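Input: a single structure, listed below in structure tokens.
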Amino acid sequence: MKILKRNFYLQPTLKVARELLGKILWYKRNGKVLSGKIVETEGYLRNDPACHASRGMTERNKVMFGPAGHAYVYFTYGMYHCLNAVTQPEGIAEAVLIRAVEPLEGIEIMQRNRKTEELKNLTSGPGKLTQAFGIDKKLNGTDLTQGTFVILDSEEEIRKIYRAPRIGIRVATDKLWRFYVDSEFVSKK
DNA sequence: TTAATGATGGGCT
DNA sequence: GCCCATCATTAAA
């Protein structure tokens, strides 16, 4: 399979959010491959009060202001990380949060990282999947279009895409910027 | 089954 | 000091 190119991430952010569904998150770590099919995403736009970057650039969110196709990984709630794909050209801070994937490769490692055998509980949430994959702040700013931490294209045809309000935010809850497919691994339907 | 709560610590008004 | 793009556990129904 081929790695998604930078042009993919330069499309409108909500389109990228929809089109990332079915694509493959792929991470080769310590010589072992971890991968999963993306089944749930959320878009975060400029001028969106729920977006970390909406009140200007800070040390934490500066990667969002950088070039498209890079990973924005941040630490939250004192114990979890969340993974985003940065969209839009340099200077425009938008991104897509990867909320859930369906485990494909490296499931034994994910089970060890998550301290559970239960497949449906491995990667069905933004904090869960980063824990399962071993993704943390050291990957913040990584280029997702080359190297060992990338998103792969796929030929998979998506039957139906659902859209719904985003989860875990207190503002802009009227915006239907969460997207997901029919899957047991979606964090919440 | 769903709802409430505690854990836990960096970021920022 | 309060907030937080979360999750696991406990309590309630």
Side-chain angles (χ1 to χ4, degrees), chain A residues 9 12-21 23 25 36 38-66 68-88 92-103 109-142 144 151 161-181 183-189:
Chain A
Y9 300 98
T13 297
L14 295 181
K15 183 178 186 200
V16 174
R18 285 192 301 270
E19 298 209 348
L20 275 176
L21 297 172
K23 303 297 190 288
L25 180 65
I38 297 171
V39 295
E40 183 183 5
T41 63
E42 285 177 0
Y44 286 85
L45 278 55
R46 60 187 185 278
N47 302 328
D48 164 15
C51 178
H52 287 170
S54 66
R55 286 172 296 281
M57 182 162 60
T58 66
E59 184 59 29
R60 177 176 64 157
N61 68 25
K62 64 182 180 186
V63 171
M64 287 185 73
F65 289 83
H70 288 244
Y72 169 47
V73 181
Y74 66 90
F75 181 69
T76 191
Y77 289 109
M79 58 183 102
Y80 298 106
H81 293 272
C82 288
L83 168 66
N84 297 256
V86 173
T87 58
Q88 298 295 311
I92 300 178
E94 303 194 346
V96 175
L97 171 69
I98 312 294
R99 277 198 63 88
V101 307
E102 185 175 316
I109 299 171
M110 296 183 193
Q111 288 169 325
R112 197 178 324 137
N113 290 344
R114 288 278 299 138
K115 303 187 189 335
T116 176
E117 304 280 303
E118 195 186 356
L119 283 183
K120 286 194 301 295
N121 202 21
L122 288 181
T123 57
S124 54
K128 297 180 188 178
L129 76 90
T130 52
Q131 190 173 65
F133 276 66
I135 294 167
D136 61 23
K137 276 180 68 176
K138 71 179 183 295
L139 289 174
N140 188 38
T142 303
L144 292 170
I151 299 177
I161 296 176
Y162 299 87
R163 58 183 304 168
R166 293 172 293 178
I167 289 180
I169 56 174
R170 309 178 56 142
V171 294
T173 50
D174 58 316
K175 303 291 193 292
L176 303 181
W177 291 347
R178 184 166 72 98
F179 303 93
Y180 60 94
V181 300
S183 167
E184 294 301 308
F185 297 88
V186 170
S187 69
K188 187 182 170 194
K189 300 180 184 171

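Just so it is clear, the structure is predicted and the values come from calculations on it, not from any experiment. Order of the sequence lines sets the chain letters (A, B, ...), proteins ahead of strands, with each chain counted from 1.
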Whether the side chain of Tyr77(A) and the base of dA7(B) hold a donor-acceptor pair under 3.5 Å is what I'd like checked.
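Not at all, since no donor on one side and acceptor on the other fall under 3.5 Å apart.
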
When we call it a touch if two heavy atoms are under 4.0 Å apart, what does [X] touch: a base, just sugar-phosphate, or nothing?
| X | result |
| --- | --- |
| Lys137(A) | sugar-phosphate |
| Ile169(A) | sugar-phosphate |
| Ser187(A) | nothing |

For [X] and [N], is the shortest distance between a side-chain N/O and OP1 or OP2 below 4.0 Å?
| X | N | value |
| --- | --- | --- |
| Arg60(A) | dC12(B) | yes |
| Arg114(A) | dC7(C) | no |
| Arg178(A) | dA5(C) | no |
| Lys128(A) | dA5(C) | no |
| Thr76(A) | dC4(C) | no |

Roughly, in whole Å, what's the span from [atom1] in [X] to [atom2] in [N]?
| X | N | atom1 | atom2 | result |
| --- | --- | --- | --- | --- |
| Met57(A) | dC12(B) | CE | P | 12 Å |
| Arg55(A) | dC3(C) | CZ | C1' | 10 Å |
| Asn113(A) | dA8(C) | CG | P | 14 Å |
| Tyr74(A) | dG9(B) | OH | P | 18 Å |

Tell me the partner of dG6(B), counting only Watson-Crick (N1-N3 plus N6-O4 or O6-N4) or G-U wobble (N1-O2 and O6-N3) with both under 3.5 Å; none if nothing fits.
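Pair assignment: dG6(B) / dC7(C).
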
Decide yes or no for Thr116(A) and Leu122(A): does some side-chain heavy atom of the first lie under 4.5 Å from some side-chain heavy atom of the second?
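Sidechains of Leu122(A) and Thr116(A): in contact.
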
Below 30° counts as parallel, above 60° as perpendicular, anything between as tilted: where do the rings of Tyr180(A) and Tyr162(A) land?
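Ring orientation of Tyr180(A) relative to Tyr162(A): parallel.
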
Between Arg170(A) and Gln131(A), which residue's closest nucleotide on DNA chain C lies nearer the 5′ terminus?
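Its nucleotide being nearer the 5' end, the pick is Arg170(A).
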
Charged N-O contact under 4.0 Å between Arg99(A) and Glu42(A):
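Yes, charged N to carboxylate O under 4.0 Å.
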
Partner of Phe133(A) under side chain to side chain contact (heavy atoms under 4.5 Å, CB included), chosen from Thr123(A), Leu83(A), Ile109(A), Asn113(A)
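Exactly one option meets the side chain to side chain contact (heavy atoms under 4.5 Å, CB included) with Phe133(A), and it is Thr123(A).
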
Using a 6.0 Å cut-off, check whether atom NZ of Lys115(A) has over 12 heavy atoms from anything other than its own residue.
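Atom NZ in Lys115(A) is not crowded, with 12 or fewer foreign heavy atoms closer than 6.0 Å.
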
The side chain of Arg99(A) is closest to which nucleotide in this list: dT8(B), dT6(C), dC12(B)?
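Selected nucleotide: dT6(C).
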
